[in-house]
Student: 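One structure follows; several queries about it will come next.
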Amino acid sequence: SCLVLQEEQDEIFGLVNLDTFLLIFCKSKLFRLTFGNSPDTDGSIYPASYTRGAINQKCIVVRGSAAVTLDRLGVYAYSEG
């Protein structure tokens, strides 16, 4: 059994809390979940990258304000701004 991001029909490989949002890592895509008061009532999912993702949860490390990640293209760092 696995989690699937329904809008994209892509399996979720990792979830990481980074600053004020949740990063959702798929195999070759990355999304951000943001919300004001509650993710249930005002949460929104935005694309962060349609070309980068994660191999699995163990390949994601938070370092400062960045998520350093390994995907099929190699190592990269994602940070907001």
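Only this structure's heavy atoms are used, side chains among them; waters, hydrogens and symmetry mates stay out.
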Student: Would a single hydrophobic cluster contain both Leu70 and Val62, if residues Ile, Leu, Val, Met, Phe, Trp and Tyr are joined by side-chain heavy-atom contacts under 4.5 Å?
Tutor: no

Student: Taking atom NZ of Lys27 and atom CD1 of Ile55, what is their separation to the nearest 0.5 Å?
Tutor: 9.5 Å

Student: Do Ile24 and Phe35 share a hydrophobic cluster (ILVMFWY, side-chain heavy atoms under 4.5 Å, transitive)?
Tutor: no

Student: Between Asp71 and Ala54 (side chain of the first, backbone of the second, donor and acceptor by atom type, cut-off under 3.5 Å), is there such a pair?
Tutor: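 Between the backbone of Ala54 and the side chain of Asp71 there is no qualifying donor-acceptor contact (under 3.5 Å).
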
Student: With a 3.5 Å distance limit and no angle check, can you tell me whether Gln57 reaches the backbone of Leu15 through a side-chain donor-acceptor pair?
Tutor: yes

Student: Set out, in order, the CA-CA distance, both residues' side-chain angles and the distance that settles side chain to side chain contact (heavy atoms under 4.5 Å, CB included) for Leu30 and Arg52, then state yes or no.
Tutor: CA-CA 6 Å; Leu30 175 61; Arg52 304 306 299 254; 5.5 Å; no

Student: Out of curiosity, Lys29 NZ to Asp10 CG, how far, rounded to the nearest 0.5 Å?
Tutor: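 Lys29 NZ to Asp10 CG: 5.0 Å, rounded to 0.5 Å.
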
Student: Which atom names give the shortest non-hydrogen contact between Leu33 and Phe21, and what distance separates them?
Tutor: O-CB, 3.2 Å

Student: Check Ala67 against Phe25 and note the closest heavy-atom contact, atom names and distance.
Tutor: CB-CZ, 4.2 Å

Student: Measuring from atom OG of Ser28 to atom CZ of Arg72, what distance do you get when rounded to the nearest 0.5 angstrom?
Tutor: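 Reported value, rounded in 0.5 Å steps: 4.5 Å.
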
Student: If you measure from CG on Leu23 to OG on Ser49, what distance do you get to the nearest 0.5 Å?
Tutor: 11.0 Å

Student: Would a distance-only check, ignoring hydrogens and angles, find a side-chain to backbone donor-acceptor pair under 3.5 Å from Tyr76 to Gly53?
Tutor: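 Confirmed, Tyr76 side chain pairs with Gly53 backbone.
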
Student: Can you name the closest pair of heavy atoms from Phe13 and Cys26 and give their distance?
Tutor: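 Between these two residues, the closest heavy atoms are CD1-C, 3.6 Å.
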
Student: Is there a path of hydrophobic side-chain contacts, each under 4.5 Å between heavy atoms, that joins Ile45 and Ile12?
Tutor: yes

Student: So Leu18 and Glu80, side chain to side chain contact (heavy atoms under 4.5 Å, CB included) or not? Walk me through it.
Tutor: CA-CA 9 Å; Leu18 189 65; Glu80 193 64 22; over 6 Å; no

Student: Can you run down the side chain to side chain donor-acceptor pair (under 3.5 Å) pairs that involve residues 31-45, sequence neighbours left out, and say none if there aren't any?
Tutor: none

Student: Would you name the heavy atoms of Ala48 and Tyr78 that are closest together and state the gap between them?
Tutor: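 In terms of heavy atoms, the two residues are closest at CB-OH, 3.7 Å.
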
Student: Going hydrophobic residue to hydrophobic residue with side-chain gaps under 4.5 angstrom, can you get from Phe31 over to Val16?
Tutor: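 No, it is not one cluster - the side chains of Phe31 and Val16 are not joined through contacts under 4.5 Å.
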
